[in-house]
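First listed ligand is number 1; within each ligand, the first listed atom is number 1. As the structure is a prediction and not an experimental result, all values here were calculated from the model.
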Amino acid sequence: MFKTLAEYSASSWKGSKEYDGLEAVVAAIADGAQQIQAKVRAAVLAHAVGTTGETNVQGEVVQILDTFSSETLVDTLTQSGRVAAIGSEEIEETVIVGESSAHQYLVQMDPLDGSSNIDVAVSVGSILGIWKRQADEKVRDSTLLKKGTEQVAAVYTVYGSCTMMVVATRESVQGFTLDPTDGTFRLTNPNICIPEKTSCYSTNEGNFKGLDSGTQKAVEELRNTYSLRYVGSLVADFHRNLLKGGIFLYPSTKKSPEGKLRLMYEANPLAYIAEQAGGAASSGKERILDIEPKKLHQRTALIIGNKDVVKTTVAVMNNG
Ligand code: AHM
Ligand code: MG
């Protein structure tokens with residue numbers, strides 16, 4: 001039988017100084033993910049698809065499920081008693097939770113990535129980066145602006161044909177599948193490493209004309225070498241590439257010169273997971289995890305996946 005998430009975290013993190021309290025944070029994410037996946041699956045029947053009529057801090061239309069997912073994870077993370085502050089794609093300001101010595105972690109999240117795919121029954125997910133607060137560090141907006149290298153863990157979930165949760169720490173990347181019969185996450189994909197063989201590339205080919213000439217050349221080379229697979233939910237595209245070998249690109253375009261994806265809660269957590277699994281992530285100019293963040297909702301270009309293919313692609317982008 002597969003180990004449960006609770007068993008895995010008890011044997012891996014409980015009692016460790018470095019990961020003190022992490023099991024409560026990850027359990028809170030698992031709890032939130034269960035609630036979100038249930039809501040996503042019942043959304044059409046519950047009249048919960050559609051927009052709230054508002055736009056978020058990014059100027060994007062807010063879906064009812066975006067708000068539900070953000071509120072759910074803020075609640076479960078708050079209840080864990082271990083999180084000091086939360087940054088969310090759906091909330092303009094930092095959510096400050098607590099400053100006691102137990103509030104050791106800082107979380108940044110995209111609570112429902114790919115939400116434009118919900119009403120067409122396509123996979124969506126949640127992405128979360130986890131940092132540690134310095135002892136006695138005052139919690140304010142700038143507390144969350146730490147580099148990706150300083151993450152202590154990162155998590156994403158996919159609400160697809162099954163619900164999965166992937167958790168990376170400095171030691172390893174572990175994949176858990178939600179068992180719908182008893183509501184527990186079970187360790188189905190232990191010690192994930194990106195396969196060396198790359199089989200596909202994922203990018204929005206519709207943006208091709210808006211790319212600079214070097215990036216066009218890089219995309220042409222990928223097109224001539226690999227199969228194209230593009231879901232349009234970053235978390236689902238990344239998940240497939242992590243398990244099967246592949247590269248995902250959302251470069252700068254004429255429409256989004258700074259890139260479309262968000263550094264703190266999309267690029268950084270997935271870059272951390274990619275690196276721990278033997279892959280790489282770059283903005284085209286530098287390693288994602290080395291970018292010095294300036295603001296919570298900062299955007300970046302993202303090239304992520306197999307290490308060698310990321311390296312070659314970035315080289316062609318810059319010299320092509
Ligand atoms: P979201 O966080 O609001 O869902 O937006 C991010 C999404 C990613 O999941 C996906 O990779 C990208 O936007 C798709 O963008 P496009 O439709 O321009 O290809
Ligand atoms: Mg997103």
Should you measure from each heavy atom of [X], which atoms of ligand 1 turn up under 4.0 Å away?
| X | answer |
| --- | --- |
| S233 | 9 (O) |
| F248 | 11 (O) |
| D110 | 2 (O) |
| S115 | 4 (O) |
| L234 | 8 (C), 9 (O), 10 (C), 11 (O) |

With a 4.0 Å heavy-atom cut-off (strictly under), which part of [X] contacts ligand 1: side chain, backbone, both or neither?
| X | value |
| --- | --- |
| Y265 | neither |
| N204 | side chain |
| V235 | neither |

Checklist entry - Using a distance-only test with no angle check, is there a side-chain donor-acceptor pair under 3.5 angstrom linking R287 and T149? => result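 Judged by distance alone, the side chains do not pair up.
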Checklist entry - With distance as the sole criterion, is a donor-acceptor pair present between the side chains of T163 and Q37 under 3.5 Å? => result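 Yes, a side-chain donor-acceptor pair sits under 3.5 Å.
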Checklist entry - Between the candidates K260, E89, E266, which shows the shortest non-hydrogen contact distance to atom 15 (O) of ligand 1? => result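 The option holding the nearest heavy atom is K260.
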Item to check | From S100 atom OG to H103 atom NE2, the distance as rounded to the nearest 0.5 Å | outcome: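 The NE2 atom of H103 is 4.5 Å from OG of S100, to the nearest 0.5 Å.
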Next on the checklist: Rounded to the nearest 0.5 Å, what separates atom CG in L296 from atom CG in L144?
Outcome noted: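 CG of L144 is found 6.0 Å from CG of L296.
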Checklist entry - Within 45° of the axis and under 6.0 Å from the centre of the six-membered ring of F248, does NZ or CZ of R229 qualify? => result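 Because its charged atom misses either the 6.0 Å distance or the 45° angle limit, R229 does not stack over F248.
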Item to check | Polar proximity ligand 1 side, Y230 side, N/O cut 3.5 Å exclusive | outcome: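 Yes.
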What protein heavy atom sits nearest [atom], and how far off is it?
| atom | result |
| --- | --- |
| atom 1 (P) of ligand 1 | R262 NH2, 3.7 Å |
| atom 4 (O) of ligand 1 | G114 N, 2.7 Å |
| atom 10 (C) of ligand 1 | G232 O, 3.3 Å |
| atom 18 (O) of ligand 1 | Y250 OH, 2.6 Å |

Item to check | Donor-acceptor contact below 3.5 Å, side chain D179 vs main chain T184 | outcome: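 Not at all, since once roles are kept as given, no pair shorter than 3.5 Å links the two residues.
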Checklist entry - Do D66 and S115 pass the side-chain hydrogen bond (donor to acceptor under 3.5 Å, both in side chains) test, and can you show the C-alpha distance, the side-chain angles, and the key distance before you say yes or no? => result CA-CA 7 Å; D66 283 326; S115 52; 2.9 Å; yes
Checklist entry - So among I130, V107, T76, which one has a side chain to side chain contact (heavy atoms under 4.5 Å, CB included) with I29? => result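 The residue from I130, V107, T76 that satisfies side chain to side chain contact (heavy atoms under 4.5 Å, CB included) with I29 turns out to be I130.
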Checklist entry - Looking only at heavy atoms, which two atoms of P195 and K244 are closest? And how far apart? => result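 Looks like CG-C, 3.6 Å.
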Next on the checklist: Any heavy-atom pair between the side chains of Y156 and F238 that's under 4.5 Å?
Outcome noted: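 Contact flag for F238/Y156 side chains = yes.
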Item to check | Close side-chain approach of L228 to R223, heavy-atom, < 4.5 Å | outcome: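 No, too far: nothing below the 4.5 Å cut-off.
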Item to check | Environment of the Mg ion (ligand 2) in terms of protein N/O/S atoms, cut-off under 2.8 Å | outcome: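 Listed by chain and number, the atoms are D110 OD2, D113 OD1, E266 OE2.
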Next on the checklist: Looking at ligand 1, would S116 count as a contact under a 4.0 Å heavy-atom criterion?
Outcome noted: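 Contact absent.
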Item to check | R133, R82, K132, E137 screened by side chain to side chain donor-acceptor pair (under 3.5 Å) with Q104, the one that passes | outcome: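 Testing each of R133, R82, K132, E137 against Q104, the sole residue satisfying side chain to side chain donor-acceptor pair (under 3.5 Å) is R82.
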Checklist entry - Can we call the ring centroids of Y201 and Y230 under 6.0 Å apart? => result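 Distance test on ring centres: not under 6.0 Å, no.
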